[in-house]
Each structure stands twice: as C-alpha cells, then as structure tokens.
Amino acid sequence: MKYYLADLEQVFEQVQSSPHGLSQADADSRLQRDGKNKLAEGKKVSVLKRFVQQLGDPMTVILIVAAIISGITASYAHESYADVFIIMIVVMINAVLGVYQESKAEKAIEALQEMSAATSKVLRDGNVVTMKSEDLVAGDVILLEAGDAVPADCRMIESASVKIEEAALTGESVPVNKIIQTLTLKKEKEVPLGDRKNMAYMGSTVVYGRGKAVVVATGMDTEMGKIADALANAKDNVTPLQIKLNQLSKILSNLVVGICIFIFAFSLIKSGDFSGEVILNTFMVAVSLAVAAIPEGLATVVTIVLSIGVTNMSKRNAVIRKLTAVETLGCAQVICSDKTGTLTQNKMTVVEHYSEDEPLLAAAMALCSDAELGKDGEVTGEPTEAALVNYAASLKLDKNELKKSRPRIGEAPFDSMRKMMSTVHSYTDGSFIQYTKGAPDEVIKKCTHILKNGQVVPLTDAFHEEIRSQNKAMAGKALRVLCAAFRKYDSMPDSFEPSDLENNLTLIGLTGMIDPIRPEVVDAIKECKAAGIRPVMITGDHRDTAVAIATQLGIVTDESQAITGAQLDDISDDELKNSIGSYSVYARVQPEHKVRIVNAWKTNGMITAMTGDGVNDAPSIKSADIGVGMGITGTDVTKNVADMVLADDNFATIVSAVEEGRRIYDNIRKAIQFLLASNLSEVLSIFVATLLGFVILKPVHLLWINLITDCFPALALGMEKGERDLMQRSPRNSRDGIFAGGLGTDVAYQGILVTMVTLAAYFIGHFLEAGVWEITNSADGMTMAFLTMSMAEIFHSFNMRSQRNSIFTMKSHNGYLIGAMLVSLLLTTAVIYIPALAFAFQFEEISLLEYSVALLLAFSVIPIVEIVKAFQRQFTKNTVLKG
Ligand code: ATP
C-alpha cells in the first residue's frame with residue numbers, strides 16, 4: 001500500500017490500529033509474527049573460522065612449523081614425540097583461549113551497545129511508554145520530537161512543525177516539513193521519497209517540532225531495509241594502542257626470524273659439522289629462540305583487560321560506545337560539561353516570581369508548557385516545564401482546567417537557538433491568545449508592551465531596566481529565570497512559524513526556579529583539578545545563573561572567568577584560541593558555539609571531552625576527542641555519535657570514567673612491560689647459552705613459561721587496582737608511545753636481570769651436581785634454570801604493580817597476582833617432580849637445596865628492582881627540583 005496516498009482512516013485500517021495505538025498483547029503477537037524491528041546484520045564469523053584465523057597468526061605458524069620439524073627430527077632419531085605434543089597442545093590452548101577471549105570481548109561490546117540502544121516513545125494500552133525501538137511493530141503509534149531518530153517507516157498523524165532530515169535516504173540535507181494531509185498523484189505515477197511529506201522513514205532524524213505517527217513498516221520491510229540489504233558488521237573497534245601493539249608484534253616477528261637465521265648460521269659455521277643431525281639440532285635451538293621471543297600473550301592480555309575495563313565502566317554508568325574512548329579518556333585534559341542535569345540535578349522548582357499578576361503569569365507558563373498534570377496530581381514532562389505546571393497547581397490553577405477554557409491550537413516548539421517557545425490557544429468567543437515563554441533577555445527583545453496595573457502599556461526603557469535588574473537579581477541567586485509574554489489575535493494566525501508569532505508581545509513577568517547542584521559533583525570537580533583536568537561549564541542559561549552555580553561547584557572563583565555566546569561572536573577563532581584558557585564558564589551559548597569552543601581547546605593541543613544532549617549538539621560531540629552523550633535526557637542523534645554515554649547524565653560519572661581509563665591504560669602498560677621483560681630474558685638466556693655452546697632451556701620449556709606461567713600474572717596485572725596517585729598526576733600525553741616514560745629502559749634492565757639470575761641458577765645447578773664450575777650441558781642446571789626463570793618472572797610481576805613506587809608502600813593487595821604465583825609455583829614444581837611430566841620435559845629431579853637456591857635466586861629480583869626504583873625516584877625528584 002502507498003500509505004502517503006491513503007487517508008488516515010485507510011492507513012489505520014490497513015495496519016489494524018487506531019490513533020490510540022495498540023494494546024500490549026496485540027503488539028506482542030505482532031512482534032512474534034513480524035520479527036524485530038531491525039536491519040539484518042552482516043554474518044558473524046563462525047567459531048571454526050575464528051579458530052583457523054588464530055592458527056594463521058604468523059607467530060603461531062612459526063610454532064607449528066617448529067612442531068613439524070621436531071616431529072621429523074624425532075622420527076629420524078627414534079626419540080619420543082613429547083616435544084611435538086607439548087608444542088601442539090600449547091598452540092591449541094592458545095588458539096582456544098584466543099577464540100574464547102575474542103568472543104567474550106565481542107559480547108561485552110555487544111552488551112554495551114544493547115545498553116545504549118535506541119528507544120522510542122510508544123502508545124501502548126493508551127499510555128506513553130519508552131521502549132527499545134527494535135520492539136516496535138506495524139500499527140504502533142509513536143511520539144516524535146526534536147532529536148529522535150525515526151525508528152521505523154511511519155505515516156504522520158500529528159505534526160507540530162515537525163521537520164525531518166532525510167539525508168541518509170535522499171541525500172538531501174535540508175530538513176523537510178512534515179504534514180499530515182493525504183498526498184494526491186497528479187500526472188506522475190510515483191511520488192519520490194523526498195516528497196512524501198506525510199511520511200517519516202527509518203534512518204532519518206527529527207530536527208524540530210513535535211508529532212505523532214503510526215508505524216507502517218518495520219525492520220527489513222522499511223525503505224532503509226530495502227537499500228541496506230545487509231549491514232556490514234565492520235566496527236572499527238580497535239584502539240590506537242592495539243594498532244601499535246600489532247605493529248610491535250610484526251616488528252618482533254621479523255626480528256625473531258632474523259635472529260634465528262643468524263643463530264642457525266652461526267652455530268653451524270662454528271661447529272663446522274654439516275651432518276643432518278647437527279643441522280636439525282641447530283635448527284631446534286633457533287626454534288627455541290623464536291619461541292622465546294614471541295610474546296604470545298600480548299594481544300590476548302590487552303583484549304581481555306580492555307573488555308573487562310569497559311564492563312567495569314558500564315557498571316559505573318559510563319557506557320563506552322567506541323573502544324578507542326577508553327584510551328583517550330586517560331589523556332583527557334579538559335571536560336566541557338552542560339550545566340542542566342549534568343552538573344545540577346535538573347529538579348526544578350519555582351521559588352520566586354516577579355509580576356503584578358501572579359495567576360496570569362502561572363497560567364501562561366503552564367499553558368505554554370508540554371508537561372501534563374495527571375489525575376493523581378503527578379506532573380510528567382521535562383523538568384523545567386513540569387516546574388511551571390506545578391507552580392500553577394500550587395496557586396490552585398489546574399492545567400487540565402486551563403486547557404479546557406483555552407485549548408492549544410498551534411505552537412512554535414522550543415529550541416535552544418531561539419531559547420523560547422510559543423503556543424496559540426483559542427477562546428470560546430472565537431478570539432485567540434498566544435503565550436510565549438523563554439530566556440528573559442531573548443523574550444524581552446520581542447516585547448513591545450508590558451502589563452502594568454492591569455493595563456497594556458509600552459515597554460519603556462525604565463521598564464526594560466526594571467526587568468533586567470529583577471532578572472539579574474534572581475540569576476545571581478543561581479535561579480533559572482524564565483519570562484512569559486502574551487499576544488492576542490482576533491482571528492487565527494496564518495502561520496505558526498516562530499518569526500511570525502514571536503513579535504509584538506506583551507510582557508507578563510518572570511519566574512525564578514531553583515535547580516540544586518548535584519552534591520557529588522563538588523568532589524568530582526576537586527578530583528578533576530587534582531588530576532590536572534580542567535572542568536568547564538557550557539550552558540544555554542543566563543551568565544549570572546551560570547556563574548553562581550559554577551561558584552557553588554568550585555569551577556570558578558571569579559566572574560571574570562565567564563564569557564557569553566554574544567561575546568564569543570565578537571571575537572575571531574584566533575583570538576578565542578589565545579584566550580580560551582581564561583574561561584571556565586560559557587553562558588547563553590548556542591550549540592554552534594560549542595563546536596568553536598571544542599576546536600579552540602583542541603588547537604591548543606588539549607584533549608577535550610564534551611557532553612551534549614540536544615539535537616544540535618551532535619557536531620560538537622563529533623568534534624570533541626571524547627564525545628559524551630546523555631543517557632536519560634539525551635536525544636538519539638547525540639547518543640549515536642557519542643563515544644561514551646552516561647547512563648545517569650552525571651558529571652561525576654565522566655570523572656570516574658577518566659579514572660578507569662587511566663587505570664586500564666596503566667595496567668595494560670604494566671602487563672606489556674612484564675611480558676616484554678620476560679621475553680627479553682628468555683631470548684638473552686638462549687642467545688648467551690648458544691654463543692657459549694650449551695643448552696640452557698628447550699623450546700618446550702620456553703613455551704611453557706610463556707604460555708602458562710607468564711599469562712596468568714600478566715592478566716592479574718591487568719586487574720590491578722588504580723595506584724594511589726592515579727588521580728593526582730597530570731594526564732598522560734596522548735602522543736606518547738608504549739615505551740614512553742622509561743618503559744623501554746626498564747624492560748631492558750629487567751630482562752637482563754632475569755637472564756643473569758637464570759644463568760646463575762644454571763651454573764650453580766651444574767656445580768652442585770658435578771662439583772666443578774664449567775660450561776657444559778647439564779640436566780640439573782637446565783632444571784634449575786627452568787625453575788628460576790619461571791619464578792623470577794612471577795616475582796617480577798609483583799615489581800610491575802608499580803613502575804616507580806615501592807611495592808611495599810602499596811595499600812591494596814592484588815589477590816589475582818598472589819593466586820597466579822601460587823598456581824605457577826604448583827605447576828612448575830609439578831613438572832619437575834611428577835616423573836611422567838619430568839620425563840616429557842627432560843627434567844632431572846633436583847635436591848631440596850637446589851630447589852631452594854633456585855627459588856632464592858628468583859626472589860632476588862624483588863629487592864634488586866626495589867633498589868633501582870628508589871634510585872629512579874631520587875633521580876626524578878632531583879630533575880624536577882632542578883627543572
Ligand atoms: P544546558 O546547556 O546546561 O543544558 P540549558 O538547559 O539552560 O543549559 P538550553 O536547554 O539550551 O540550555 O536552554 C537555554 C535557555 O532557554 C534556558 O536558559 C532557558 O532560559 C530557556 N529555556 C529552556 N527550556 C525552556 C523551555 N522548555 N521553554 C522555554 N524556554 C526554555
């Protein structure tokens with residue numbers, strides 16, 4: 001059916017519905033029948049394919065090749081296939097873990113997307129309910145207002161100046177005025193989509209006005225569904241850090257191949273023996289190097305830490321929509337926040353007024369409001385509007401009664417550019433009255449008269465001044481001030497365009513409403529400042545109101561730190577760039593100013609977060625480094641472009657997300673440092689041993705250490721609580737690479753340290769067995785080297801709990817790390833002492849003395865690193881003092 005050519009009755013008949021919408025039961029059965037209102041997604045990658053992808057990882061390929069070759073060697077030499085088995089088992093465990101982690105991380109992200117899924121306001125059983133847009137069915141009656149994404153294809157049934165932007169479907173970015181009248185076909189056979197003015201289509205957005213529509217098509221039956229047969233599922237959910245790590249992995253792989261070739265050639269030439277057996281043995285040494293140098297756990301650990309991190313954040317009400325935001329949050333230097341609802345509670349109550357006719361003021365305000373008074377006396381609607389209806393009720397003016405005598409027949413809805421709204425009402429005598437309410441400084445510009453002593457008199461300069469000073473007095477008390485005015489008509493106005501309605505008004509008076517600050521924000525602001533982050537307030541409200549609230553919150557100390565939208569208009573972008581640092585409050589701004597403000601901070605090199613809720617905030621959210629959408633009051637448009645959505649609209653939540661972002665990045669760095677130092681120590685040990693001509697550890701030993709004893713502590717480090725000074729240091733420089741802050745040097749010396757204790761264990765092992773110090777192959781030496789290296793790495797993971805601070809001054813404990821240590825100690829001891837395992841691994845049973853010496857050597861990394869850290873701290877202190 002071509003719904004745009006059909007009358008509303010026909011449309012309702014076709015979709016078996018009415019202007020009152022559907023019953024819940026009916027809707028449920030339709031949902032069963034028609035399926036969810038969503039576009040088919042691209043196919044998901046199957047588990048098997050993922051598994052194969054894991055095996056295709058270059059590092060894994062090297063391991064598989066190694067297994068095959070050791071298999072061939074074993075069959076030649078009639079040896080056991082233990083190595084082959086162990087390598088293959090480890091490869092499989094790694095791949096299975098990889099697949100598991102990947103799908104778990106994906107689920108975490110999916111769950112988050114679910115949390116920020118689009119919702120619609122729908123009439124069900126006659127009540128307005130907010131529900132997930134994917135549960136809409138044909139026949140549902142939905143409410144549309146500025147900022148809503150149109151959730152399905154619908155026919156308009158009510159339109160108060162609804163304007164819809166349909167660029168996604170038509171390519172036309174100029175919004176279309178929507179009407180409810182039935183279209184007629186003239187000569188042409190078809191009305192192009194862009195001309196179907198009584199329809200609203202999925203994928204478009206309401207940019208202005210308010211209306212109602214009945215759903216006629218959902219999911220893949222919509223026009224959007226027809227063009228987008230299947231949406232590609234490609235989400236760019238890889239963070240810069242992950243990209244850098246992938247690059248690092250590539251470099252390491254190349255390096256590994258290079259070193260292996262070198263060692264292979266070096267050993268062969270040195271021995272001068274080119275028999276098959278020697279070539280194979282040498283090859284195995286090269287393979288053990290490859291195994292040693294590949295940090296198998298790196299990618300997995302980062303993915304897990306990130307996905308656990310975002311899940312934690314969502315528990316603290318910060319829903320991450322783009323994974324990159326996690327890293328950027330940790331670098332945030334400026335947080336620009338809306339005032340109403342984010343810094344304040346958005347619980348408005350009228351506490352003051354200025355008018356000589358209070359009942360008229362209250363009636364005008366209540367009639368010019370979209371909030372409604374329920375039968376139980378409960379008011380529903382946007383807080384500012386609800387406050388006005390409540391105010392009227394407190395004066396015994398029931399909005400429902402008022403509506404009966406003066407029904408609304410037209411309106412120019414509120415928008416934050418005009419900062420006002422108007423409604424037109426009819427009287428029984430056939431005359432009409434318009435009420436306008438809005439920001440006093442804006443409304444007063446449209447007034448020519450004022451109500452005085454029951455008379456309409458010209459608005460003289462003196463009256464102007466009086467209103468201004470009243471406004472200022474209320475604003476100075478942190479009140480949100482609104483002004484009401486009226487205009488009379490003998491016949492119905494021809495147009496409800498704001499420009500036609502909003503002039504020649506008569507001013508009635510002012511109301512001042514209190515909107516208490518969110519108490520937790522005061523501490524959050526303090527925390528921000530301590531963490532080197534600049535909190536900034538951006539508001540459409542009056543300058544004095546903004547300054548009063550900003551002062552209560554501790555954002556500013558002086559009103560010179562505030563600037564208004566009008567003042568912003570007077571300065572160039574360059575001037576703004578230079579002076580932006582002096583302002584922390586931006587008042588009476590319009591959405592486009594927000595883009596300028598973000599850009600000015602950004603051109604100063606500051607990483608900037610910006611909140612937004614309204615339909616016009618999308619550009620500034622997009623420009624910001626971290627776009628923050630509002631979960632409760634935010635429009636779909638802003639939520640869709642945001643990097644993060646606040647489930648509770650609360651500024652304090654941004655600050656806790658920053659904290660979490662810092663912690664996650666810190667922990668990932670700790671895990672990386674730990675893994676790289678461990679791998680380095682393995683490479684160095686093999687390298688030195690090969691140059692000196694003995695076998696210190698076999699490939700399977702290294703694989704075991706890398707995959708079993710290294711992964712657990714690395715993960716445990718990822719769970720580390722935030723360090724004490726986490727929110728007392730300045731934000732991390734976003735340009736810093738992984739190795740910034742001396743991480744590279746730390747990895748180097750710590751890798752060398754573990755190598756030294758491992759080599760020492762080897763020689764002591766041989767000495768205790770043979771009674772002589774010599775460089776030769778030794779089974780006890782190998783076993784002790786294995787134990788020492790495994791445990792030294794584990795102990796070293798404790799060092800990694802803080803890069804510079806002593807671990808003995810840390811208040812928190814990391815239970816995971818202690819668990820990882822115990823598990824590793826148990827497993828390592830098991831492979832040495834359980835005969836079957838020891839045989840497979842070619843270990844010798846070592847004495848208690850040897851065991852203790854090996855553990856002691858391993859433990860020595862803690863005191864040694866502590867001493868180095870103390871020097872490092874001293875050094876930084878000195879440089880800071882000198883600097
Ligand atoms: P913030 O940007 O911090 O959320 P805000 O809510 O004051 O601040 P806007 O919603 O853009 O910003 O409102 C701007 C101004 O418009 C307000 O200060 C108020 O004077 C006026 N205003 C707000 N809501 C309404 C409304 N429903 N009807 C009429 N005027 C309004």
Side-chain angles (χ1 to χ4, degrees), residues 145-147 210 336-348 350 364-371 379 381-389 391 411-423 435-446 471 474-475 478-485 498 501-502 505 510-515 517-518 521 535-550 553 555 562 564-565 585-594 597 610-617 620-621 628-630 632-635 638 646 649-651:
E145 62 183 27
R210 241 169 15 90
C336 301
S337 169
D338 282 335
K339 169 179 72 69
T340 312
T342 311
L343 296 171
T344 65
Q345 299 179 14
N346 204 7
K347 287 192 185 132
M348 309 272 178
V350 175
M365 290 284 192
L367 280 167
C368 185
S369 153
D370 291 327
V379 176
E382 202 260 316
T384 302
E385 310 246 298
L388 297 170
V389 174
Y391 171 53
E411 68 194 72
F414 173 75
D415 82 46
S416 46
M417 306 282 277
R418 287 167 25 245
K419 300 194 184 353
M420 65 181 84
M421 71 180 272
S422 302
T423 52
Y435 295 114
T436 297
K437 76 170 192 314
D441 27 356
E442 298 299 322
V443 174
I444 204 168
K445 287 187 208 153
K446 314 285 183 190
N471 181 15
M474 287 191 212
L479 301 182
R480 165 187 271 240
V481 192
L482 286 187
C483 175
L501 294 180
E502 287 158 357
L505 307 181
L510 308 174
T511 53
M513 48 184 95
I514 177 169
D515 177 13
I517 57 167
R518 285 176 180 268
V521 170
V536 165
M537 172 195 280
I538 301 188
T539 175
D541 220 332
H542 193 275
R543 184 174 187 268
D544 295 343
T545 313
V547 170
I549 293 181
L553 289 170
I555 295 179
T564 64
V585 168
Y586 302 81
R588 276 286 187 255
V589 294
Q590 297 187 344
E592 74 251 22
H593 290 128
K594 287 179 141 187
I597 296 170
M610 167 72 94
T611 68
D613 46 10
V615 55
N616 302 319
D617 287 340
S620 56
I621 290 195
V628 185
M630 296 296 151
I632 304 172
T633 56
T635 51
T638 47
L646 306 180
D649 288 11
N650 191 342
F651 179 84

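Computed from a predicted structure; not experimentally measured. Numbering of ligands and ligand atoms starts at 1, following listing order.
To the nearest 0.5 Å, the span separating CG on Asp338 from NZ on Lys594 amounts to 3.5 Å. Rounded to the nearest 0.5 angstrom, Met513 CE and Thr384 OG1 are separated by 5.5 Å.
Summary of contacts: the protein heavy atom closest to atom 8 (O) of ligand 1 is Thr539 OG1, 3.1 Å. Of the protein's non-hydrogen atoms, Lys437 NZ, 3.0 Å is the one closest to atom 28 (N) of ligand 1. At the top of the distance list for atom 26 (C) of ligand 1, counting protein heavy atoms only, stands Glu385 OE2, 3.6 Å. Regarding atom 13 (O) of ligand 1, its nearest protein heavy-atom neighbour is Phe414 CZ, 3.7 Å. The protein heavy-atom contact nearest to atom 19 (C) of ligand 1 is Leu482 CD2, 3.7 Å.
Of the listed residues (Gly614, Gly540, Ala475, Ala546), the one carrying the non-hydrogen atom nearest atom 2 (O) of ligand 1 is Gly540.
Ion pairing of Glu411 with Arg210 is present here, as a side-chain N (NZ or NE/NH1/NH2) and a carboxylate O approach within less than 4.0 Å. Taking the charged nitrogens against the carboxylate oxygens, Asp541 and Arg480 do have a contact shorter than 4.0 Å, which makes a salt bridge.
Contact annotation: for Arg480 versus ligand 1, heavy atoms closer than 4.0 Å belong to the side chain alone. Counting heavy atoms under 4.0 Å from ligand 1, residue Ile538 touches it through the backbone alone.
Near Ser416, with a cut-off below 4.0 Å to any heavy atom, the atoms of ligand 1 are 11 (O).
The closest approach between any non-hydrogen atom of Glu442 and ligand 1 is not below 4.0 Å.
Side-chain contact check for Lys437 versus Glu385: some heavy-atom pair is nearer than 4.5 Å.
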